[in-house]
Amino acid sequence: MATIQDVAKLAKVSVATVSRVINQHDMVSPKTKQKVLEAIEALNYEPSALGRHLRTSKSHLLLVLIPSISNPFYTKIINGIEDTVIDYGYSILLCETDSNPDREKIYLNFVRNRLAEGIISMDPTINRETLFALAEKHPIIQCSEYDKNGPISYVTIDHKLASYEAVKHLISLGHEKIALINTEQTFLYARERQAGFLKAMEEHRLPIHEKWIIHRQSVSFEDGQKAMQTLLSLAEKPTAVFTVSDMLAIGALKTIYEHDLKVPDDMALVGFDNIDFSEMTYPPLTTVAQPMYEMGRLSAEKLLEKINGRAVESSVLGHELIIRQST
């Protein structure tokens, strides 16, 4: 493997001159620069990215924090982020925190130690105080999950309004016994989506039974199954269920069929997110579509603006209720 010394020897210049060409300094004549570039090409020399980072304090690396890589909700957001930052010469490091404070500390230290230039956080479990303190000195954007009164700019949707509209759709179909499958109330999106559910129910003076509001630890397929098992074990069962994620809804759908019930004839079902799997179920799932790719793209643009020293505002994007055969 060729070294910078080999390039300097072939081009008959000093190592410092080669370094200046690599780092695009202006203090090199066009003729000398051409000689160095030809030597680099002839030797197939690849400059050390770590070396450039140590000299310039620019890693061109961004961290994307997610709680779990298994949740397909994050896929299109990550695609939007990556497609955007690549155009500006940046790369991303995908960091699965698994809601683990030790992992979180390791990743945040990448920014503290200037091994990464900024963070897009989609982790609803991250330590808020730590993140806020880090944001005082380093560029950070929150995506999807955010803090209303926090100091960090964010990109999200109106979760309360989206849930309100989803439940109103069920009510418009004649459903009065509507259940909610939710996750932990420590998450902002869970509180907001439950608030939208309650608003629609109260507005139409429909009964809200505590037993019909199920809280699970995650938005996993398995938790959807277990939540629906709880609902179907009740003496009085709902005729429709609103879930705060498509994965919960898909798990619930499997349990409904295991009890020889039909969707939507025996029970209507609505999800949230519009992940790709929501179209692949039988029947296809009615769901709230978040503009996931656009959320990722805009989050990346805002982070790059912050890295370049510019102030950015938060953005609340639109959503759409996709009506399919599950209702």
Quick one: does any side-chain atom of [X] pair with a main-chain N or O of [Y] as donor and acceptor, under 3.5 Å?
| X | Y | answer |
| --- | --- | --- |
| Arg114 | Arg112 | no |
| Lys306 | Ile141 | no |
| Ser315 | Val155 | no |
| Gln229 | Thr255 | no |
| Thr32 | Val28 | no |
| Ser314 | Tyr154 | yes |
| Thr287 | Ala289 | no |
| Thr84 | Gly80 | yes |

[X] vs [Y] side-chain heavy atoms within contact, under 4.5 Å:
| X | Y | answer |
| --- | --- | --- |
| Leu37 | Val21 | yes |
| Arg193 | Lys160 | no |
| Ile213 | Leu198 | yes |
| Leu170 | Val270 | yes |
| Val219 | Asp273 | no |
| Leu161 | His319 | yes |
| Met122 | Ile78 | yes |
| Thr239 | Met267 | no |

Margin query: One pair to check against side chain to side chain donor-acceptor pair (under 3.5 Å): Gln142 and Asp147. What are the steps and the verdict?
Written below: CA-CA 8 Å; Gln142 289 184 295; Asp147 295 271; 2.9 Å; yes
Checklist line | Worked check of side-chain contact (heavy atoms from CB on, under 4.5 Å) between Leu63 and Ile120 | finding: CA-CA 6 Å; Leu63 305 187; Ile120 295 175; over 6 Å; no
Next item on the list: For residues Phe187 and Tyr189, establish whether the separation of their ring centroids is below 6.0 Å.
Entry: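 So the answer is yes for these two rings.
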Do [X] and [Y] share a hydrophobic cluster, counting only Ile, Leu, Val, Met, Phe, Trp and Tyr and linking them when any side-chain heavy atoms are less than 4.5 Å apart?
| X | Y | answer |
| --- | --- | --- |
| Ile92 | Ile106 | no |
| Leu134 | Ile307 | no |
| Phe242 | Leu206 | yes |
| Val288 | Ile323 | yes |
| Val312 | Tyr88 | yes |

Next item on the list: Would you please classify the geometry between the His159 ring and the Tyr146 ring as parallel, tilted or perpendicular, with 30° and 60° separating the classes?
Entry: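 Judged by the thresholds at 30° and 60°, the geometry between Tyr146 and His159 is parallel.
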Please name the pair of heavy atoms, one in [X] and one in [Y], separated by the smallest distance, quoted to 0.1 Å.
| X | Y | result |
| --- | --- | --- |
| Thr183 | Ser218 | CG2-O, 3.8 Å |
| Ile214 | Thr230 | CD1-CG2, 3.8 Å |
| Pro283 | Tyr257 | CD-OH, 3.2 Å |
| Gln325 | Thr286 | N-OG1, 4.5 Å |
| Met292 | Asn274 | CE-O, 3.5 Å |
| Phe73 | Ser144 | CZ-OG, 3.7 Å |

Can you confirm whether more than 12 heavy atoms, excluding those of [X], are under 6.0 Å from its [atom1] atom?
| X | atom1 | answer |
| --- | --- | --- |
| Glu129 | CD | no |
| Lys237 | NZ | yes |
| Gln185 | CD | yes |

Next item on the list: Supply the members, apart from Ile322, of the Ile/Leu/Val/Met/Phe/Trp/Tyr cluster built from side-chain contacts under 4.5 Å; use none for a lone residue.
Entry: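 For Ile322, no cluster forms, as it stays isolated from other hydrophobic side chains.
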Which residue pairs pass the salt bridge (charged side-chain N to carboxylate O under 4.0 Å, His left out) test when at least one of the two sits in [range], sequence neighbours left out?
| range | value |
| --- | --- |
| residues 250-261 | Lys254-Glu258 |
| residues 164-184 | Lys168-Glu203, Lys177-Glu236 |
| residues 281-305 | Glu294-Arg297, Arg297-Glu301, Glu305-Arg310 |
| residues 238-251 | none |

Could you tell me the separation between the [atom1] atom of [X] and the [atom2] atom of [Y], rounded to the nearest 0.5 Å?
| X | Y | atom1 | atom2 | result |
| --- | --- | --- | --- | --- |
| Glu202 | Lys199 | CD | NZ | 10.5 Å |
| Leu62 | Leu94 | CG | CG | 12.5 Å |
| Gln225 | Ile256 | CD | CD1 | 11.5 Å |
| Ile181 | Ser245 | CD1 | OG | 9.0 Å |

Next item on the list: Please say which of Asp6, Val36, Ile40 ends up in a side chain to side chain contact (heavy atoms under 4.5 Å, CB included) with Tyr45.
Entry: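 One option only clears the test, and that one is Ile40.
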Margin query: Show me the pairs that pass ring-ring contact (aromatic ring centres under 6.0 Å, His included) and involve residues 286-310, at least two apart or across chains.
Written below: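 Qualifying pairs: none.
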Return yes if a side-chain donor-acceptor contact under 3.5 Å exists between [X] and [Y], otherwise no.
| X | Y | value |
| --- | --- | --- |
| Asp123 | Thr125 | yes |
| Glu117 | Tyr90 | yes |
| His60 | Ser91 | no |

Check: Which is it for Arg324 and Ser278 under the side chain to side chain donor-acceptor pair (under 3.5 Å) test, yes or no, and what are the steps along the way?
Finding: CA-CA 9 Å; Arg324 300 192 183 109; Ser278 66; 3.2 Å; yes
Next item on the list: Please assess Gln34 against Glu38 for the test side chain to side chain donor-acceptor pair (under 3.5 Å), listing each intermediate value before the final yes or no.
Entry: CA-CA 6 Å; Gln34 186 60 34; Glu38 288 174 357; 3.2 Å; yes
Notebook entry, point to check: Run the side-chain contact (heavy atoms from CB on, under 4.5 Å) check on Tyr107 and Ile119 step by step: do they pass?
Noted result: CA-CA 10 Å; Tyr107 294 134; Ile119 295 173; over 6 Å; no
Next item on the list: Test side-chain contact (heavy atoms from CB on, under 4.5 Å) on Ile66 and Thr97 and set out the steps.
Entry: CA-CA 6 Å; Ile66 60 173; Thr97 64; over 6 Å; no
Next item on the list: Run the numbers on Leu232 and Leu261 for side-chain contact (heavy atoms from CB on, under 4.5 Å), then give the verdict.
Entry: CA-CA 10 Å; Leu232 293 179; Leu261 299 174; 3.8 Å; yes
